[in-house]
Amino acid sequence: MTTKPLTPEQVATLAQASGLLVSADDLPEVTVRVNAFLDGLAPLDGLPLDSVQPIPALPHPEKTG
């Protein structure tokens, strides 16, 4: 992970702000999972998105109709 991992207190604050209920017993596991998720997304930070034209996501043709 390129940034400092979130603390359980930070994860609890984010959960509360999002309206999610995370028990004190579950908080350590949720913290590990949130940090793993952020770590997995870290490679996307290096993508040259400033040179790509944004397009809307369209449903797959087979799933419409």
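- Test Val34, Val22, Leu27 against Pro8 for side chain to side chain contact (heavy atoms under 4.5 Å, CB included) and you get one pass: Leu27.
- Legend: residues meeting side-chain hydrogen bond (donor to acceptor under 3.5 Å, both in side chains) with Ser51, ordered by chain and number and at least two apart, are absent.
- Follow the hydrophobic side-chain contacts under 4.5 Å out from Val32 and you never reach Leu38; the two are in separate clusters.
- Between Asn35 and Leu6, the closest heavy-atom pair is OD1-N, 2.8 Å.
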Candidate pair Thr7 and Thr31, rule side chain to side chain contact (heavy atoms under 4.5 Å, CB included), full reasoning: CA-CA 7 Å; Thr7 65; Thr31 301; over 6 Å; no
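- One hydrophobic cluster, built from ILVMFWY side chains closer than 4.5 Å, holds both Phe37 and Leu47.
- With sequence neighbours left out, the side-chain contact (heavy atoms from CB on, under 4.5 Å) criterion links Pro28 to no other residue.
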Between side-chain atoms of residues 13-21 and protein atoms elsewhere (two or more places apart, or another chain), which donor-acceptor pairs fall under 3.5 Å?
| residue | atom | partner | partner atom | Å |
| --- | --- | --- | --- | --- |
| Thr13 | OG1 | Glu9 | O | 2.9 |
| Ser18 | OG | Leu14 | O | 2.9 |

